Amino acid sequence: MSERIGFYICHCGINIAYRVRVQEVAEYVAKLPNVAISRDYLFMCSDPGQEIIEKDIREYHLTRVIVASCSPRMHEKTFRAACQRAGLNPYRAFHMVCVREHVSWVTESEDEATEKAKNLARAGILRVVHQRELFPATFPVCTNTLIVGGGIAGMQAALDVAKAGFKAFLVERQPTIGGHMLQYDKTFPTLDCAACIGTPKMVSVGQEPRIRLLTYSEVENVSGFIGNFKVSVRRKARYVEKNCTGCGECEKACPVDFPNLWDVNTKTRKAIYRPFPQAVPITYCIDKYDRAPCVQTCPAGTNVQGYVALIKAGKYREALNLIMERLPLPGTLGRVCPAPCEHVCRRSEVDEAIAIRDLKRFAADQVNPLEMPLPDIQDRPEKIAVIGSGPAGLTAAHYLRLKGYQITIFEALPALGGMLRVGIPDYRLPPEILDREIQNTLRMGILTQMNQKFGVDFCLDDLRKQGFKAIFLGIGAHRSLKLGVQGEEDFQGVTDAVDFLRKVNLGHREPPGKRAVIIGGGNVAVDAARAALRTGCGQVDIVYRRSREEMPAYPEEIEGALAEGVKIHFLTAPIAIRGEGGKVAGLECIRTELGPPDESGRRRPVPVAGSEFVIESDVIIPAIGQQPDFEWPAEKQILELTKRKTISVNPHTMQTSLPDVFGGGDAVSGPATVIEAVAAGRKAADAIHSYIMGEDMESYAKRAAAKEPLGQNWRAILKTTPKKERARLPHRDATESAASFAEVMSGFGETQAQEEAARCVNCGGCCECKLCESACEAKAVNHSMKDEIEEIEVGSIIVATGFDPLDPTPIRQYGYGQHTNVFTNLEFERLSNATGPTRGKLLKRDPKDRLRFTEPPKSVAILHCIGSRDKNYHEYCSRTCCMYALKYAHLIKDKCGHDTEVYNFYIDMRCFGKGYEEFYKRVQSEGVRMVRGKASRVDEKDGMLIVTAEDTLSDRMVKIPVEMVILCTAMEARPDATEVARVFGISTGSDGFFQEEHPKLEPVSTPTAGVFLAGACQGPKDIPDTVAQAKGAAAEALALSASGKVSVSPMISSIDPDICVGCQICIGLCAYSAIEFNPLKGISEVNEAVCKGCGSCAGYCPSGAAQIRHFTSKQIFSEIDGILAA
Amino acid sequence: MSEFEPTIVAFFCNWCTFTAADLAGTSRLSYPHNIRIIRVMCTGMVDPQYVIKAFLEGADGVLVSGCNPGDCHYINGNYKARRRIKLLKEILPQFGFENERLRLTWIGASDGVRLAEILRTFVTQIKALGPSQTKLKMAI
Amino acid sequence: MMPQEAIQLTRDRQTPFMDKVEAILPEGGNLNLCLTCGACVSGCPASGLSGMDPRKFLRMAALGMDEEILKSNWVWFCTMCQRCVYVCPMKIDIPQLVYQARASWPRETRPKGILGSCDMALKNDSCSAMGASPEDFDFVVNDVLEEYREAQPEFAEMTAPIDKKGAEFFLNQNSREPVTEPDELIPLWKILHTVGADWTYGSKGWGGENYCLFLADDKSWEHITRTSANQADALGCKVFLNTE
Amino acid sequence: MTTMAKIDLKEQNPLEALKQFFAGILKLKDVTSILVPQRLSTLNTIMPTLVTDAALLEGVDPLAPAFPMNAARIASRLTRKPMGGKVAAVLRPCEIRAFIELVKLNQAHREEILLISTDCLGAFPNKEYFKFAAQDGGEETLRFYKTMLGGNTHEMEGYPLAPACKACEHPVSENADIQIGLYGIKPGESILIKAQSEAGDEMLKQMNLPETTEPTGRQAAIDTLISQRIRFRDDMFAKTQEAVNSLDKMGAYFSNCVNCYNCRVACPVCYCKECVFVTDVFDHEPSQYLQWAARKGMIKMPTDTLFYHLTRLAHMSTACVGCGQCSNACPNDIPIMEVFRTVAQHTQQAFGYEAGKNLEEKPPLSVFFKDEFQEVVGIS
């Protein structure tokens, strides 16, 4: 007998022996080949048990040992050590057979269990003889410890690690450490204040030189193995540098308010903030998201959220400055902008979009730009010509001048402003507003040349000769399109809308006739109609081919026109102009109906045969569109045009086919909005500057095109946001207003404007008004900060990521979110906390405003087990609620007075900790009423909350009216626990919390060596238990660091060089890149430091060259043989 | 005649299903005794040869069980196992081994209850199929 | 007053009734999981009637007091509204317990009203608890429809088909309307007409109320449901719209 | 890219034309040698030869119905490591497909080899060929060529084609750099030279042959042939399936097996240096045999026969090109090819894979994806 096997079957007290006839198994095994000794024993894992093995090895010269007992995951190490002590190589000698977890505990019949145990033992006997000597490799250990989560568990662990003289990295997701404990007020059962015992810990952590604190950071990736982890930490941009002194001046300047998450949204904070006054580090932090949709949508990129916030804060001058960073015509755009920003405003998810355009007008009306100081301009020598003084030209001129260029504006008309001047009637845009804004641009030192028509009075070469280094063409689209109907050219009285409006705007205000018909549905048509009315035209009609829904003019303009008496013929198309004696007599029309959509997506009007009719009139004003007016024969050939007869430009640089000529506005885009013209002018100004600076325009365009698309990671809107109606501009009476060119709408009053601005939900987070930057004396604010990735090396990791309180909103019967005075436990903690919304007073909420607190409640119901011990939510007991509920009861009695009634609705009281039962007695003696029964619902009636339950002890239904209800919500795993578990290579249990390696013996270890757990991330627990576990986890980490080395499993892959044929398939299958090809030998080789022993290679390798040590084919085959040797 | 008692060879990965089997034991969940667990570190190391060997030696069923998608302790061993089982499920039925005799499942470490359920179901299914051909006769 | 008699619990006291109900329930329906929190009681409209409530009922079943609970007429006060299950943190199916208790009553001893209505429904293929026949139903529906179409020209096209093959929806109908309030049939027809639904009644199984269910008479319940469902299948309808 | 040339035959002899053509290839500037089947003068058999001297191409005969070995293994030996020049290899389509598989398994390299393939006329089983050649010897290739192209694609003079050839649906190589076309052209008239890759194109250009276009009727002739063969193949699948679908039948099928492992030696895609069945994993203890025998009272010796065949199916059926050399190699005439092709059909289809088709397709077990074969997981 070459092998001498010792077999030992354990009774495990009665755990195995009650089902498996252990003696019978031992006797059976004794007869198997190679077995030298076979025994059963009460507790093999005990010292005497192990001694038996050691003694037998020596006395019987055993070469192999098999223990049949519990799972190898439990005691494999124990018995391996015993074999080693007796001089055997443990990997060669020892095999463990599980007859407890896999046999006695899961099998009901004694016979079957015994049979199964024999079978498994036999498989083990066959297997063990094929085991080989293995030696674990030893690696040095990095003595640093990473602690993830800066709550009480993380802080404690970090301090303990540091105290032992090792370095700790503490990574916290929030801007401050402290965790949930620091949100609490008092702690049970001793009632010491959480801040009093918590803040000193925070300070120690902050000051301890061996702790490197990484707040506002998250672990993104962990690689390596025990003793040698490499960790990437994302350090989120705080936008405030470390030299922040925490003075809080920035916070005072910030106009943006948010609900403060630290206070569970019971009060607000600013976009630049620290969660609470004692935060560690004290460094402030700015809450940024992707730019708000309004900002992203504005063609000119105006910081909409910013100026709205500044208006709310009453900072009108700052608001105007912010607007004018992107556009020089705030008062104009505050009146005529189509406000695409309002269409995407997320306030509409609550009720209705913010009145952004009206707020812009309000800001512009509050401050006369001419009274603002002139900007400081560094003059440059280069001359630039701007042709056309419309919004595009003015904007280009404005921003080029700010860069220091010498600007001359050439204008064909006698007045500046382009379409703003001659297209938009005065009642919409008062000339004094336009004048003021043009003047503001011109006063920076811009020259003008009036009545100079491009292409007629001068050409490009003239300008070049005069030394202009670049030319901006913003000549607009001033030529009306023809109707193309019969009679259009034949009769006097047909005048196009552009001509008509130009005349009116330039002061010719006599009526064009007695009855005017305007054709078209855009703003120009409505402007012409309302202008015609104001000149004294008796009757004005509009003819439009489609229905009102399709009409492109602004709805308020259409409403205004109708109110003033303009008649609109919808679904009507012109077919001919009738005349008499050379003059217009009427417009012949035909009714239409809407057919299928055309290319533009709008439904195409189809004439209805036989529906012709005539509108009598003496003036016909077509307003069906415009195009640019190119009358420069000399340069027609050299400036490229588009198919639509507009100037062709590169959309990123606005450069035309001539390098020194740039374009923008209607001449480029065709008739479009003022804000688009402004955006084009601004874009061209930037490009012209780069052009003059000698930059390659092609790469400039490429860079602009490659700009990352804007994200949509916006702040979530709180469901509890109260609805508030949108403010509307006051109208003048229609009859009165139709009689003059005075402005129809007046602006907001100050209160109205501020209240409207306050409706903004700040979905972009920080609005980037940058007032904080100016307010900061230390110059610590840095809006351009970027996230950084820091790589750190550690030997051990303690995961202490904590828990989340359950959101009780879905449990509809308790009315959270519906009834104002139903609170969650955490809300109550903040209420009771001195840094909370009420500075520690327990007050009821104002039913009209969740952020306002009124008076102390006279009666309070505390509902236990909300979401705990409940199959619909969490089946487990959250372990802390009973005790904090008692604490609340005490605090209410203490703070609101002893006559305040307090009811606790509980299923079972669980007061199992040290001093807990005593605390229960104390609270009971304070007169708190305990109702044994789970509340089934909370209803609101006459301002009171009615709690319904059964008092199961008196067998009676109770309905108790109270003023406040507190829901003791469950502790639950963080929503991202699964992803976090993956990062650290650990797993979550069915309750969602992280799984410890063993529920009793390894409560802080995980199946991944070197990764430990602490605190409530492992399961609900109170502060004492959390601290104890943190200390345990620290001890594990320290044990590793102190020993300085770690041995890793030798059960890894090996490739037999004599068999390997070098196909390299295993290399592609290895998840760790642990196999490399050796071209000299033509074989694949395993890097033993990297291999983890998963066997992906061995599972493939057809020749069996790749094998996992200790799990070789031969070993597995023998095991199969043993099992099936019936 | 006594009821047919199948023998089922089960290859369980150390980190998920083997742990679940331990948990089933700790939780005292009972399941049929016919299951014989062979511990492997990962289902990715289960060579198709192991399955063939087990069937030829007389196993009535073979169960390979590893971690749930994304939970594999070795990142993706379970996906590799899936391809290999797929391959076997194409080969073995050609020779009269019913497809239902070979199963691959993914059972997480905390799924003790599910493990017991799956084992019960599997044993019931195998009992319904009757003994494997190799159980009764010599395979050459 | 006499002191309350103690429940006699002996070592071998069994809970056959609860075991039986548990065997019917799908997995997870463990009736022993009761936390005795009383949430069921405080939501139950029948709490306190006959000195009984859902918690007590369950407790008594758990203690094996089968005789008492199987005799209690409280089970006939239960409305089967399922509120107790909705609030129960352990999702305990008390209504199933109640149903089985009802079923344990000899049929003839069950409440007369429910019993009578169930028997009526078994009388003919209508399954109407008021005993209306298919012919009566046909007559009433067409009579009412015709009258209304004449009175309301905008609904001249409205139909109320019976046994229309291939209709999308199969509708049943509480028999109270055709028997006592025929005019109240119309609003539903109008809605269906307005939305253009393709629907039909069945000449068989149109009776929507199911007193045999409340009677806990499994066989009759099944008969009624089957009659209705078979008719819908025979007509090739895709959706069964239960109006009750 | 496809360029085509035509070589007219003198005296209706394609071998002569091929000899000239191969000699031409050997003269190309970057070709160092040519691997080509030749009739060895001393023996009446045909074997691959590696030729550097154009004068030594006298016995060139890639058309004979002889297929003594799958030369993919030879081509693999020549290209496993850099050879120091380009070799042109004249191979049958199944040899090329096996070669492609070996390239994927890093057992061969594609860079230094020019693959030349004749339209495959098929071959007799080895033993049949030896009988046939012994009685004839010499002119039979030309007769075979004419018979096969004349429409009889199953047998000649009482000698049937090997079953592997009869079931082969790839008589024309799509992967060769140069395809030598025979099908669809009147026998004795001409042969088609078709470049199918850049390298083939380049070669053809240098050789300056008269250009042509695809002969009309060639595709149709190939399609007809393939459909005949698919019919035979599917019939073979059905019969084989029926013949092995239980332990008893499988046992009977392989009962002649003596575990000589010749099938795996002959297999072009069985690429292991040492088969696992000859490693010490299967070097059982004597006591082990006794234990096994004790279980059922007897075991067949040698043991592990079915284990071996099933394992080999698991290892190589996804790469099986159906060349039939396993059947040729079996000393006891077990129709191995039939079983392997039948199973390969299933395994290759399951992974959407076709052995030897495309160098870019990864061997099925060398890759895996997250969302695949979800039906395999679970128990229902």
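Keep in mind it's a predicted model, so treat the numbers as computed, not measured. Each chain gets a letter, A, B and so on, in the order the sequences are listed, and its residues count up from 1.
Contact of A:Asp991 with chain B is not made at all, since no heavy-atom distance falls under 4.5 Å. Contacts of B:Thr43 with chain A are absent, with no heavy-atom separation under 4.5 Å from either backbone or side chain. With a threshold of 4.5 angstrom between heavy atoms, A:Ile1108 approaches chain B through side-chain atoms but not through N, CA, C or O. Residue contact with chain A, scored on non-hydrogen atoms closer than 4.5 Å, involves the side chain of B:Arg84 exclusively.
For the atom pair A:Arg982 CZ and B:Cys72 SG, the distance stands at 11.0 Å (nearest 0.5 Å). Separation of atoms CZ (A:Phe1111) and CG (B:Asn14) is listed at 7.0 Å; rounding is to 0.5 Å. The CH2 atom of A:Trp105 sits 9.5 Å away from the OG atom of B:Ser27 when rounded to the nearest 0.5 Å. Remark: A:Ile986 CD1 to B:Asp71 CG distance equals 11.5 Å, nearest 0.5 Å. Of the inter-residue distances, the one linking B:His33 atom NE2 with A:Asp111 atom CG reads 9.5 Å to the nearest 0.5 angstrom. Distance check, rounded to the nearest 0.5 Å: CG of B:Asn34 to OG1 of A:Thr107 gives 9.5 Å.
The most heavy-atom pairs under 4.5 Å with chain B, out of A:Ser104, A:Pro72, A:Ala123, come from A:Pro72. Between chain A and the residues B:Met41, B:Arg39, B:Arg83, the largest count of heavy-atom pairs under 4.5 Å involves B:Arg39. The residue among B:Cys13, B:Gly77, B:Ala54 with the most heavy atom pairs within less than 4.5 Å of chain A is B:Ala54. Among A:Ser987, A:Cys98, A:Gly1093, the residue making the largest number of heavy-atom pairs under 4.5 Å with chain B is A:Gly1093. Ranked by non-hydrogen atom pairs under 4.5 Å with chain A, the options B:Thr7, B:Leu119, B:Ile38, B:Val9 are led by B:Ile38. When each of A:Glu76, A:Glu115, A:His1110 is scored by its heavy-atom pairs under 4.5 Å with chain B, the top score falls to A:Glu76. Between chain A and the options B:Thr19, B:Val40, B:Asp111, B:Val46, heavy-atom pairs under 4.5 Å are most frequent for B:Thr19.
The shortest heavy-atom contact between A:Val106 and B:Leu29 is CG1-O, 3.1 Å. The two residues B:Ile75 and A:Tyr1072 have their closest heavy-atom pair at CD1-CE2, 3.7 Å. In terms of heavy atoms, A:Phe1117 sits closest to B:Tyr50 at CE2-CD2, 3.6 Å. Of all heavy-atom pairs spanning B:Pro48 and A:Gly1099, the tightest one is CD-O, 3.5 Å. B:Ile35 and A:Lys116 get closest at one heavy-atom pair: O-CE, 2.9 Å. The shortest heavy-atom contact between A:Ala1071 and B:Asn76 is CB-OD1, 3.6 Å.
Applying side chain to side chain contact (heavy atoms under 4.5 Å, CB included) to B:Thr26 and the options A:Arg100, A:Glu101, A:Met74 leaves one that passes, A:Glu101.
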query = Could you go step by step and tell me if B:His73 and A:Thr1008 meet the side-chain contact (heavy atoms from CB on, under 4.5 Å) rule?
reply = CA-CA 9 Å; B:His73 188 78; A:Thr1008 299; 3.8 Å; yes
inquiry  = Run A:Ile1120 and B:Phe11 through side-chain contact (heavy atoms from CB on, under 4.5 Å) and show every step you take.
reply    = CA-CA 10 Å; A:Ile1120 297 172; B:Phe11 297 95; 3.8 Å; yes
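Pairs passing the side chain to side chain donor-acceptor pair (under 3.5 Å) check and including a residue from residues 1090-1107 of chain A, sequence neighbours excluded, read A:Ser1096-B:Lys80, A:Tyr1100-D:Tyr271, A:Gln1107-A:Ser1113.
Other residues, nucleotides and ligands contribute at most 12 non-hydrogen atoms within 6.0 Å of the CZ atom of A:Arg132.
Every residue meeting the salt bridge (charged side-chain N to carboxylate O under 4.0 Å, His left out) condition with B:Lys127, not counting sequence neighbours, appears here in chain and number order: B:Glu3, B:Glu5.
Here B:Phe18 and A:His102 bring their ring centres to under 6.0 angstrom of each other.
Using a 4.5 Å heavy-atom cutoff, the side chains of A:Leu1124 and B:Lys135 are not in contact. Side-chain atoms of B:Lys53 and A:Asp1121, non-hydrogen and from C-beta on, do get closer than 4.5 Å to each other.
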